[in-house]
2 protein chains.
Amino acid sequence: MATGITPDEFRAYAALIASSTLLQRAVEQNLREQADLTQVQFEILMNLANAGGAGIRMAHLADALIVSRSGLSYQVAQLESRGWITRERSADDERGIVARITPLGERMRQRVFAGHVEVVRRSFLDVLEPAERKTLASALERVADRLR
Amino acid sequence: MATGITPDEFRAYAALIASSTLLQRAVEQNLREQADLTQVQFEILMNLANAGGAGIRMAHLADALIVSRSGLSYQVAQLESRGWITRERSADDERGIVARITPLGERMRQRVFAGHVEVVRRSFLDVLEPAERKTLASALERVADRLR
DNA sequence: TATTGTTATACTCTATAACTATA
DNA sequence: TATAGTTATAGAGTATAACAATA
């Protein structure tokens, strides 16, 4: 290859790129088919579900998802029009808007998440030995930390 | 969680989704900054470089990249206008078009690939022990095979 | 003055459908 | 008739800039 990468490294590189690309594709297709959701919309729902009744400020959510505020406004409007989330003025800062998941949104999110996990299970979890799964978990956590 | 997934599995799931999302983001940003290339355009270049002088038929390339033919035509036109690839009628099938990488395109591709590998090295390869790298390589190859 | 959030706008990417040319 | 490839077109998603409201 003559690119300053060993065959061993290249194999790991190629496996990572291929598997993550294909997985991303399968996950996005599943979200679209299940509930016509994009990846970003799904992440909005997961974050709001985690926050519970407290909700999350728009600016905070945009930072967490690494999207522009205008882009977040667009996606949040989509979910709001479907009745899955709400937006309210913040109590302590009149400039702020707090987004919250609705009971309907939470029910849908749970259903979608279950299907989502099934995709991950079939293509990932079921393919690994327990020891491999442990190694991957700790190694990929380190990779994610490095990238954050 | 009550979603039919064990804490151990959830940890592996979360690490995989987080690391692959962040890596994809880093890779795409790097390609854009280095040479204003999209992921698809980069994959076109890599495939054509692999094929060498023989080139690849458009229909074949579209199948390999899992994109529509019209979408491929658009991206190929972008690369062609920059002089990185060419399109010629196929010799044996007058309906066919064969895409090939140009010497300029190959030089650029090598440069971009080197930078791309650097990103992967910093965020992935450098973070792993040799034993972890071996485990990840074989495990993720199995994941990719499952998804194909 | 600085920050929050939305909107107007423009741009990129992708796909479907219509079309031409060849098998 | 079927296949290869392109083009016209439309739609989704994202970002920048301008704006109104509040700190």
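Each chain gets a letter, A, B and so on, in the order the sequences are listed, and its residues count up from 1. Side chains are part of it too, since the values below use all heavy atoms of this structure and drop only hydrogens, waters and symmetry mates.
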For this session: Would you please say whether a donor-acceptor pair under 3.5 Å links the side chains of A:Q75 and A:Q41?
Result: yes
Any protein N or O atoms within reach of nucleotides 21-23 of chain D? Criterion: under 3.5 Å, listing atom names and distances.
unit_1: D:dA23; atom_1: OP1; unit_2: A:E94; atom_2: N; d: 3.0
unit_1: D:dA23; atom_1: O4'; unit_2: A:R95; atom_2: NE; d: 3.4

Exercise. Can you check the A:L37 CG to D:dA12 C1' distance for me, whole Å?
Worked result: 14 Å
Problem set entry | Atom pair CG (B:L104) and CH2 (B:W84), whose distance is rounded to the nearest 0.5 Å | 7.0 Å
For this session: Give a yes or no on whether the backbone of A:A18 and the side-chain of A:T21 come within a donor-acceptor separation of less than 3.5 Å.
Result: no
Exercise. Can you tell me how far C1' of C:dT16 sits from CG of B:L72, to the nearest Å?
Worked result: 16 Å
Problem set entry | B:V98-B:V67 co-clustered via ILVMFWY side chain contacts under 4.5 Å | no
Exercise. Hey, any chance A:Y13 and B:L140 share a hydrophobic cluster, counting ILVMFWY side chains that come within less than 4.5 Å of each other, even indirectly?
Worked result: yes
Exercise. Rounded to the nearest Å, what distance is computed from the CD atom of residue B:E28 to the C1' atom of nucleotide D:dA15?
Worked result: 15 Å
Exercise. At under 4.0 Å, does any side-chain N or O of A:Q78 touch on OP1 or OP2 of D:dA12?
Worked result: no
For this session: Tell me whether the OP1 or OP2 atom of D:dT6 has a side-chain N or O from B:R69 closer than 4.0 Å.
Result: no
For this session: Assess the side chains of B:E106 and B:Q110: does a donor N or O sit below 3.5 Å from an acceptor N or O?
Result: yes
Exercise. Rounded to the nearest Å, what distance is computed from the NE2 atom of residue B:H60 to the C1' atom of nucleotide D:dG5?
Worked result: 16 Å
Problem set entry | Qualifying ring pair (Phe, Tyr, Trp, His ring centres under 6.0 Å) pairs with a residue from residues 28-77 of chain A, counting only residues at least two apart or across chains | A:F42-A:H116
Exercise. With a 4.5 Å heavy-atom cut-off, do B:E88 and B:I97 have their side chains touching?
Worked result: no
Problem set entry | Separation of atom CG in B:L65 from atom P in C:dC13, rounded to whole Å | 15 Å
For this session: Would you tell me if any nitrogen or oxygen in the side chain of A:Q39 comes within less than 4.0 Å of OP1 or OP2 on D:dG13?
Result: no
For this session: Round to the nearest Å and state the distance from A:R25 atom CZ to C:dC13 atom P.
Result: 16 Å
Exercise. Is the closest side-chain donor-acceptor distance between A:Q24 and A:E28 under 3.5 Å?
Worked result: no
Exercise. Heavy atoms under 4.0 Å, any strand shown: does B:R32 hit a base, just sugar-phosphate, or nothing?
Worked result: nothing
Exercise. For the side chain of A:Y74, counting heavy atoms from C-beta on, which of C:dC13, D:dT14, C:dG5 is nearest?
Worked result: D:dT14
For this session: Report which part of the nucleic acid A:S90 touches: base, sugar-phosphate, or nothing (heavy-atom distance under 4.0 Å, all strands).
Result: nothing
Problem set entry | Atom pair distance, as rounded to whole Å: CE in B:M58 and P in D:dT3 | 18 Å
Exercise. For the side chain of A:A59, counting heavy atoms from C-beta on, which of C:dT4, D:dA4, C:dT7 is nearest?
Worked result: C:dT4
For this session: Take the protein atom CD1 of B:I97 and the nucleotide atom C1' of C:dT22, then report the distance between them rounded to whole Å.
Result: 11 Å
Exercise. Would a 4.5 Å heavy-atom cut-off, applied to side chains only, mark A:I56 and A:R100 as touching?
Worked result: no
Between the protein and nucleotides 8-11 of chain C, which nitrogen or oxygen pairs come in under 3.5 angstrom?
none

